[in-house]
Student: 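Supplied in structure tokens, the structure appears directly below.
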Amino acid sequence: MFRELDKISEVARYLWEKGWAEYNGGNISVNLTEQLQETFKEKGAISGRIEIASELKMLAGELFYVTGTGKRMRDVARSPWENGALIRICDDGRGYELIYKENIPPTSELISHLYMHHCLRQMGRDTKVVLHTHPTELIALTHIKRWLDSEALTQMLWSMIPECRMVVTKGVGVVPYISPGTVELAEATVVELEKHDVIIWEKHGVLAVGDDITTCFDTIDTLNKSAQIYIHAKAAGLQD
Ligand code: 2HA
Ligand code: ZN
């Protein structure tokens, strides 16, 4: 139906094919205000107002596609509208409504996603996408203490393949283990987003922000390729 939805569906398929989206792992939110505002200007809500604990004033009236809670990425790939929803932030920034298509409750991480979109806007950035997924090799590295240091991890990943430094120019932030879906995790992530566009959550996954979902995927893919090379090189006898 919309080009942006095709891109979301394509990336969701990659996440599944990569093995980064077991069961209902991962979630996506994309600000589609520019693309969909005209179409949905007059559209009433299909849900009641759902309150948001924080005040997201800068996102008032904006539209987001968000994957549904408990939905599988492989199903999002097949049918983004049956496995996600379009929401509109209320004018006071303290609630949201579902406006399209089915009445599908948004991801358990919705508040974290919206909070990140809001903080990025406050930083003067026009980021459209928050993408969270579970890339195997990057997560494996977070089980090793020395790679929980952002600077050390960035240098190591950059040194594996030349593309990595060019693609992930700001390096990677690391957030120590915090329960998924909590405000604490969102807050700790936002601190790292001031310096990086990709954040690794210890023993959990990766979060990338950007203007375009395909670019977010490419960034994570390049980083994970570096992690794979490191693990293979270690198995082949690399001493470091
Ligand atoms: O939605 O990945 O972090 C499932 C998750 C939560
Ligand atoms: Zn996760």
Side-chain angles (χ1 to χ4, degrees), residues 5 8-31 50 52-54 64-87 96 98 102-120 127 129-143 147-148 150 153 172-193 196-210 213 216-217 219-221 223-224 227:
L5 262 288
I8 293 169
S9 148
E10 186 185 349
V11 167
R13 180 164 54 82
Y14 297 157
L15 300 179
W16 166 247
E17 286 172 355
K18 286 273 180 190
W20 299 350
E22 71 290 342
Y23 186 35
N24 60 1
N27 31 65
I28 298 170
S29 63
V30 184
N31 189 330
I50 300 142
I52 302 176
S54 36
F64 290 85
Y65 171 84
V66 287
T67 47
T69 185
K71 298 297 182 188
R72 295 172 173 82
M73 237 3 118
R74 59 185 190 264
D75 294 332
V76 175
R78 192 175 39 76
S79 178
W81 284 127
E82 280 171 31
N83 296 281
L86 191 66
I87 66 163
Y96 70 88
L98 296 172
E102 318 279 338
N103 202 345
I104 292 182
T107 165
S108 53
E109 304 272 3
L110 177 72
I111 302 310
S112 313
H113 279 234
L114 292 178
Y115 178 73
M116 288 180 229
H117 282 284
H118 193 256
C119 291
L120 287 158
T127 311
V129 179
V130 173
L131 170 61
H132 164 59
T133 188
H134 298 167
T136 313
E137 288 80 5
L138 284 170
I139 298 171
L141 293 182
T142 69
H143 285 261
W147 302 128
L148 294 177
S150 158
L153 181 63
V172 48
V174 179
V175 171
Y177 188 82
I178 302 175
S179 293
T182 57
V183 177
E184 290 76 18
L185 179 56
E187 284 172 352
T189 305
V190 161
V191 172
E192 292 300 311
L193 286 176
H196 312 281
D197 288 338
V198 189
I199 315 298
I200 302 194
W201 291 338
E202 179 185 352
K203 301 187 178 98
H204 177 172
V206 169
L207 182 130
V209 303
I213 189 163
C216 287
F217 170 78
T219 308
I220 301 173
D221 193 27
L223 266 181
N224 198 63

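Each ligand, and each atom within it, is numbered from 1 in the order the structure gives. Computed over heavy atoms, backbone and side chain alike; hydrogens, waters and symmetry mates excluded.
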Student: Show which atoms of ligand 1 fall inside a sub-4.0 Å distance from at least one heavy-atom site of His134.
Tutor: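 Per the distance check, 2 (O).
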Student: Working to the nearest 0.5 Å, report the span between CD1 of Ile8 and CH2 of Trp81.
Tutor: 7.5 Å
Student: Can you list the protein N, O or S atoms less than 2.8 Å from the Zn ion (ligand 2)?
Tutor: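 The answer, once waters are left aside, is His132 NE2, His134 NE2, His204 NE2.
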Student: Apply side-chain hydrogen bond (donor to acceptor under 3.5 Å, both in side chains) to Asp197 and list each qualifying residue two or more places apart in sequence or on a separate chain.
Tutor: Arg125, Lys170
Student: Is it the case that the side chains of His117 and Ser29 hold a donor-acceptor pair, with the cut-off being a distance below 3.5 Å and no angle test?
Tutor: yes
Student: Hey, does Trp201 come in under 3.5 Å of ligand 1, counting only N/O atoms on both sides?
Tutor: no
Student: Give the residue, atom name and distance (to 0.1 Å) of the protein heavy atom nearest atom 1 (O) of ligand 1.
Tutor: Asn27 ND2, 3.0 Å
Student: Tell me every residue that passes salt bridge (charged side-chain N to carboxylate O under 4.0 Å, His left out) with Glu17, counting only those two or more places apart in sequence or in another chain.
Tutor: Arg13
Student: For ligand 1 and His132, I'd like to know whether there is a polar contact (N/O to N/O, distance under 3.5 Å).
Tutor: yes
Student: Hey, which of Thr107, Thr133, Val130, Thr67 is the one that makes side-chain contact (heavy atoms from CB on, under 4.5 Å) with Ile28?
Tutor: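 Answer to the side-chain contact (heavy atoms from CB on, under 4.5 Å) test with Ile28 among Thr107, Thr133, Val130, Thr67: Thr67.
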Student: Give the residue, atom name and distance (to 0.1 Å) of the protein heavy atom nearest atom 4 (C) of ligand 1.
Tutor: Asn24 O, 3.3 Å
Student: Could you check atom 3 (O) of ligand 1 against the protein and tell me its nearest heavy-atom contact, residue, atom and distance included?
Tutor: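 For atom 3 (O) of ligand 1, the nearest protein heavy atom comes out as Glu109 OE2, 2.7 Å.
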Student: Exactly one of Val198, Val175, Ile200, Leu207 should register a side-chain contact (heavy atoms from CB on, under 4.5 Å) with Glu192. Which one does?
Tutor: Val175
Student: ring-ring contact (aromatic ring centres under 6.0 Å, His included) with His118: which residues, sequence neighbours excluded?
Tutor: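 By the ring-ring contact (aromatic ring centres under 6.0 Å, His included) rule, His118 matches no residue at all.
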Student: Which value, rounded to the nearest 0.5 Å, describes the distance between Ile220 atom CD1 and His134 atom NE2?
Tutor: 10.5 Å
Student: Evaluate the criterion side-chain contact (heavy atoms from CB on, under 4.5 Å) for residue pair Val30 and Phe64; output intermediate values, then yes/no.
Tutor: CA-CA 5 Å; Val30 184; Phe64 290 85; over 6 Å; no
Student: Just to confirm my output: which protein heavy-atom neighbour is closest to atom 2 (O) of ligand 1, and how far is it?
Tutor: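 For atom 2 (O) of ligand 1, the nearest protein heavy atom comes out as Gly26 N, 2.8 Å.
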